[in-house]
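One structure is given below, encoded as structure tokens.
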Amino acid sequence: MKPASSGKKDVQQGTLALMVLKTLEVLGPLHGLGLARPIEQISGDLLAVNQGTLYRLLLRLEQEGAIASEWGASEN
């Protein structure tokens with residue numbers, strides 16, 4: 001969770017799942033940080049995506065068959 005002084009709110013898990021799926025649908029394959037940043041930007045930086053929560057969610061979505069992952073080098 002972000003410090004209260006930052007003014008950001010954490011994204012709830014169910015909402016985060018929908019945001020992740022929609023972001024992947026629109027932007028295509030992304031790595032974790034590549035997912036978090038657009039979600040935070042779209043909210044006008046009012047939302048904070050917790051990295052631990054995001055990676056657990058990605059694992060769950062993969063186990064449920066909603067997404068597929070692959071290992072490889074990114075352009076960065």
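Computed from a prediction, not measured in an experiment: that's the story for all the values here. Residues: numbered from 1 along the sequence shown.
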- Message: Working to the nearest 0.5 angstrom, can you tell me the gap between L35 CG and L30 CG?
- Response: 5.0 Å
- Message: Using 0.5 Å steps for rounding, measure from the CG atom of L18 to the CD atom of E25.
- Response: 11.5 Å
- Nearest non-hydrogen partners of L47 and E40, listed with the distance: O-CG, 3.3 Å
Enumerate, atom names and distances included, each donor-acceptor pair closer than 3.5 Å involving a side-chain atom of residues 61-70, sequence neighbours excluded.
from : atom 1 : to  : atom 2 : distance (Å)
E62  : OE1    : S69 : OG     : 3.3
E62  : OE2    : S69 : N      : 3.3
E62  : OE2    : S69 : OG     : 2.5
E64  : OE2    : R60 : NH1    : 3.1

- Inter-residue atom distance K22.NZ - I39.CD1, 0.5 Å rounding: 12.5 Å
- Give, for atom CG of L16 and atom CZ of R56, the distance between the pair rounded to the nearest 0.5 Å. 10.5 Å
- Query: Can L24 and V20 be said to form a side-chain contact (heavy atoms from CB on, under 4.5 Å), step by step?
  - Reply: CA-CA 6 Å; L24 289 171; V20 163; 4.0 Å; yes
- Item | Single-linkage hydrophobic cluster V49~L27, side-chain heavy atoms < 4.5 angstrom | yes
- Message: Hydrophobic clustering (ILVMFWY, side-chain heavy atoms < 4.5 Å, transitive) - are L21 and L58 grouped together?
- Response: yes
- Task: Measure the spacing between OH of Y55 and NE2 of H31 and express it to the nearest 0.5 Å.
- Result: 7.5 Å
- Message: I need the minimum non-hydrogen distance between L54 and G32, along with the two atoms involved.
- Response: CD2-O, 3.2 Å
- Task: Treating Ile, Leu, Val, Met, Phe, Trp and Tyr as nodes and any side-chain heavy-atom pair under 4.5 angstrom as an edge, say whether V26 and I42 lie in one connected cluster.
- Result: no
- Item | Minimum side-chain heavy-atom gap T15-M19 below 4.5 Å | yes
